[in-house]
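Data first, discussion second: the structure below is written as structure tokens.
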Amino acid sequence: MVHDVILFGKRAVPLDNRAKAPSSRSRFTSRIRDLSDDLDFRRRWKHVSYIELWSDAAIFKYEDGSKWYMNIS
């Protein structure tokens with residue numbers, strides 16, 4: 001299975017676009033760009049190991065197995 005990769009800062013994280021829609025990827029990219037100055041997001045980003053992208057939400061999976069859901073609609 002081939003995954004996309006999202007680059008943010010100095011980290012690259014695999015991204016699985018489950019929605020298979022380019023519009024969800026563009027909304028996710030713009031949402032990440034909006035959060036670039038958010039310190040809390042940057043702290044969370046350091047521990048993200050995998051991202052699942054759905055039509056209206058992104059699921060960030062952490063190294064310890066926990067998840068964080070972000071609305072992208």
Side-chain angles (χ1 to χ4, degrees):
M1 181 185 301
V2 177
H3 298 287
D4 258 346
V5 174
I6 185 159
L7 298 171
F8 183 76
K10 295 180 180 179
R11 294 198 65 226
V13 176
L15 175 84
D16 185 13
N17 190 352
R18 299 282 177 117
K20 306 285 189 241
S23 62
S24 62
R25 174 61 193 250
S26 64
R27 285 191 315 236
F28 177 68
T29 305
S30 66
R31 180 82 167 123
I32 293 293
R33 201 174 299 129
D34 292 342
L35 291 172
S36 65
D37 294 334
D38 187 6
L39 186 59
D40 185 46
F41 176 74
R42 287 183 173 268
R43 286 182 184 147
R44 289 180 179 198
W45 181 255
K46 291 179 184 178
H47 303 286
V48 173
S49 63
Y50 184 75
I51 300 170
E52 283 185 15
L53 185 60
W54 294 91
S55 60
D56 59 348
I59 303 171
F60 293 80
K61 295 186 178 181
Y62 291 104
E63 300 162 348
D64 63 354
S66 61
K67 298 177 184 178
W68 176 52
Y69 297 88
M70 182 174 75
N71 186 6
I72 61 169
S73 59

Let's go through Trp68 and Arg44 carefully: what are the C-alpha distance in whole Å and the side-chain angles of both, what is the deciding distance for side chain to side chain contact (heavy atoms under 4.5 Å, CB included) to 0.1 Å, and is it a yes or a no? CA-CA 9 Å; Trp68 176 52; Arg44 289 180 179 198; 2.4 Å; yes

Where is the tightest heavy-atom contact between [X] and [Y], given as atom of each residue plus distance?
X	Y	result
Ile72	Trp54	CD1-O, 4.0 Å
Met70	Leu35	SD-CD1, 3.6 Å
Leu15	Leu53	CD1-CB, 4.1 Å
His47	Arg11	N-NH1, 4.0 Å

Considering only heavy atoms from C-beta outward, does the side chain of [X] approach that of [Y] to under 4.5 Å?
X	Y	result
Phe8	Phe41	yes
Ile6	Ile32	yes
Asn17	Ser24	yes

Of Leu7, Val5, Ile51, the one forming a side chain to side chain contact (heavy atoms under 4.5 Å, CB included) with Val13 is Ile51

Mark yes or no for whether Ser55, through its side chain, and Ala19, through its backbone, hold a donor-acceptor pair below 3.5 Å.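 Checked: no pair found.
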
Checking the side chain of Thr29 only, and the main-chain atoms of Arg25 only, is there a donor and an acceptor separated by less than 3.5 Å?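 Yes.
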
Is the Phe60 ring parallel, tilted or perpendicular to the Trp45 ring (thresholds 30°, 60°)? perpendicular

[atom1]/[X] to [atom2]/[Y] distance, rounded to the nearest 0.5 angstrom?
X	Y	atom1	atom2	result
Glu63	Ser49	CD	OG	6.0 Å
Lys46	Tyr62	NZ	OH	12.5 Å
Asn71	Asp56	CG	CG	6.0 Å

Is a salt bridge present between Arg42 and Asp38, judged by a nitrogen-to-oxygen distance below 4.0 Å? no

